[in-house]
Amino acid sequence: MIPSTDDSIPEDPIDFQLDNEISTLQDQISALKAQRSIQVSTILSSQSTRSTLNRLRASQKQSKLSPTTTDTTPLLSTSTAQLVHTRENLYRLCAGITTFRIQDPDPNAVDGGKVLGLRIDVASTGKFVRPYYVMLNKPFAGSELLRVHRHTIPPCIPLSSLVDRYLPNGKGSAAMGSKEPGAKKQDLRRFARALRKEIVGYHNRVSVIKGLRKEFKLDEKVSRKGKGRERVIADISAADAEAKQVRIEWVDGRIGRCVVGEGGEVRKCVVIGEEGRDFETERRVARGAMEGIGERLREGIY
C-alpha cells in the first residue's frame, strides 16, 4: 500500500472557533479603549469639570490638605492641557488652511526674503496627519505674480497642474486684483482650496483601501488552520500613486481594477478571470461609492 503524500492538516472546528473568539475579543478591546479615551477627553474638557476642580482647589488652599484629601492640581493641569488640545483641533478642523509670513534669512533672497506660507491640515481615520506646507514668493521685480518657492506636497498630488491653472506665471498672466482685460489672473484662494481638496481626496482613498484590507483580514498571517482557509479575496491595493485605481485579486485567480472618481465614486470596473470577464461582479462593484466596495463584494461571496 502506497502511503499518502497529502500533508494537509485537517481543519479543527475547535481551533476555528477559538480563533474567531480571540479575534472578536481583540476587536472589542480596541473599541473599548477608543471609547474610554473619548470619554476621558470629553469629561476633562467639559466646563462643569473645570468648575468643580477649581472649587476644590480653592477650598484646599484655604485649609491644609489632610492625608485623605486628593490633590486636584494634576487633574486641573490635565484638564487645561486637554482644553488647549481640543481648541487646537477645533481650529485645525474648521480652518483647514492657514496663511503665515516667513522671512528668508538668505541675504540674496528675492523680494527681500519675504515668503508667504500656506499650511494645510487634513484629518484621516480620526487623526490629523502631518501638515502640508507650500511657500510662495514674488521672484519677478516690479511684479506681484506669485510663484511656488518650496513645498512638502507628495508627488502623488498634481501640484504642477494646479499651479498652471490657478497661479500662471507665463505670458499674459496677471496678479490677483489686476484689471488687465483678457489676462490670466492668479487666484490664490482657489489654488489653496483645490490643493486641499486633492490632498483630502487622496487620504480618503488610502484610508478606504486600508479599511478594505482590514475588513477582509488581508494583513493577518495566513495559517493552514482556522480563518486563513475561508479567505476569498487575496489582495486589495492601490494600482497607482494617486490611489485613484484599486486592484482587487481573488483567490480563484480573478483580477479586477476599479477607477475611482474625484468624489469617491467607482466610475469603471473590470474583472477578468480564466473564463473571461465577470460582468456580474463588475456591475456589483461599480454601482456605488468606494466605501461600499467591501459590502458589495460580500454580496457575491456569501
Side-chain angles (χ1 to χ4, degrees), residues 30-51 53 74-104 114-137 146-163 165-167 176 186-211 214 238 241-244 260-264 289-291:
S30 300
L32 289 174
K33 286 183 177 179
Q35 186 177 2
R36 182 188 62 180
S37 178
I38 293 174
Q39 294 294 341
V40 169
S41 301
T42 303
I43 293 173
L44 289 176
S45 59
S46 65
Q47 187 63 35
S48 58
T49 301
R50 290 186 56 81
S51 300
L53 291 175
L75 287 175
L76 191 60
S77 301
T78 305
S79 177
T80 303
Q82 180 61 41
L83 183 61
V84 172
H85 180 70
T86 302
R87 288 176 178 174
E88 180 184 353
N89 287 343
L90 182 61
Y91 176 80
R92 296 176 67 182
L93 184 64
C94 296
I97 303 173
T98 307
T99 60
F100 55 94
R101 295 179 180 179
I102 305 174
Q103 181 62 40
D104 193 339
K114 298 177 182 178
V115 179
L116 176 64
L118 296 179
R119 168 174 165 158
I120 300 176
D121 288 296
V122 178
S124 178
T125 62
K127 297 180 181 179
F128 283 102
V129 299
R130 179 177 296 180
Y132 295 97
Y133 295 94
V134 179
M135 313 300 175
L136 305 107
N137 59 8
L146 292 171
R147 184 191 67 176
V148 175
H149 177 53
R150 295 284 189 273
H151 67 86
T152 62
I153 307 300
C156 57
I157 304 298
L159 178 63
S160 299
S161 61
L162 294 177
V163 169
R165 182 175 181 181
Y166 297 109
L167 298 177
M176 295 182 297
Q186 292 187 339
D187 195 332
L188 181 60
R189 181 176 299 179
R190 294 182 64 185
F191 166 75
R193 289 179 177 177
L195 179 58
R196 187 177 187 275
K197 182 179 179 182
E198 289 286 345
I199 296 175
V200 170
Y202 167 74
H203 281 283
N204 287 342
R205 293 190 295 270
V206 171
S207 63
V208 170
I209 293 175
K210 289 182 179 179
K214 183 178 180 181
E242 298 181 19
K244 289 186 177 180
V260 182
E262 296 292 337
M290 184 182 180
E291 292 83 354

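Note that the structure is predicted; figures quoted are calculated from it, not measured. Position 1 is the first residue of the sequence, and the numbers go up from there.
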Would you please test Val115 and Leu136 for side chain to side chain contact (heavy atoms under 4.5 Å, CB included) and show each step? CA-CA 6 Å; Val115 179; Leu136 305 107; 6.0 Å; no

As an exercise, state the distance from [atom1] of [X] to [atom2] of [Y], rounded to the nearest 0.5 Å.
X	Y	atom1	atom2	result
Ile38	Lys33	CD1	NZ	14.5 Å
Tyr133	His151	OH	NE2	15.5 Å
Asn204	Ile209	CG	CD1	11.5 Å
Thr152	Ile157	OG1	CD1	11.0 Å
Arg165	Gln186	CZ	CD	15.0 Å
Ile43	Ser48	CD1	OG	9.0 Å

Please answer whether the main-chain N or O of Ala34 pairs with a side-chain N or O of Ser37 as donor and acceptor at a distance below 3.5 Å.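 No: the side chain of Ser37 does not pair with the backbone of Ala34.
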
Any side-chain to backbone donor/acceptor pair from Ser207 onto Ser124? Under 3.5 Å, distance only. no

Is there side-chain contact between [X] and [Y], with heavy atoms separated by less than 4.5 Å?
X	Y	answer
Arg147	Asn137	yes
Thr98	Leu118	no
Val122	Ile120	yes
Val84	Arg87	no
Leu93	Phe128	yes

Is the charged tip of Arg119 near the ring of Phe100: under 6.0 Å from the six-membered ring centre and within 45° of its axis? no

Determine whether more than 12 heavy atoms belonging to other residues, nucleotides or ligands lie under 6.0 Å from atom OH of Tyr91. no

Got more than 12 heavy atoms from elsewhere within 6.0 Å of CZ, Phe191?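 For Phe191, atom CZ is crowded (more than 12 foreign heavy atoms under 6.0 Å).
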
Run the salt-bridge test on Glu262 and Lys244 with the 4.0 Å N-O cut-off and return the result as yes or no. yes

Residues at least two apart in sequence or cross-chain that pass side-chain hydrogen bond (donor to acceptor under 3.5 Å, both in side chains) with Tyr166, listed by chain then number, are none

What's the verdict on side chain to side chain contact (heavy atoms under 4.5 Å, CB included) for Met135 and Leu116, showing C-alpha distance, side-chain angles and the deciding distance? CA-CA 6 Å; Met135 313 300 175; Leu116 176 64; over 6 Å; no

Please report the closest heavy-atom contact between [X] and [Y], naming both atoms and the distance.
X	Y	answer
Ile97	Arg196	CG1-CD, 3.7 Å
Cys156	Ala241	CB-O, 3.3 Å
Val208	Glu291	CG2-CG, 3.9 Å
Arg92	Pro131	NH2-CG, 3.9 Å
Met176	Leu188	SD-N, 3.3 Å
Asp104	His149	OD2-NE2, 4.2 Å

Between Met290 and Arg205, does the side chain to side chain contact (heavy atoms under 4.5 Å, CB included) criterion hold? Intermediate values first, please. CA-CA 8 Å; Met290 184 182 180; Arg205 293 190 295 270; 4.0 Å; yes

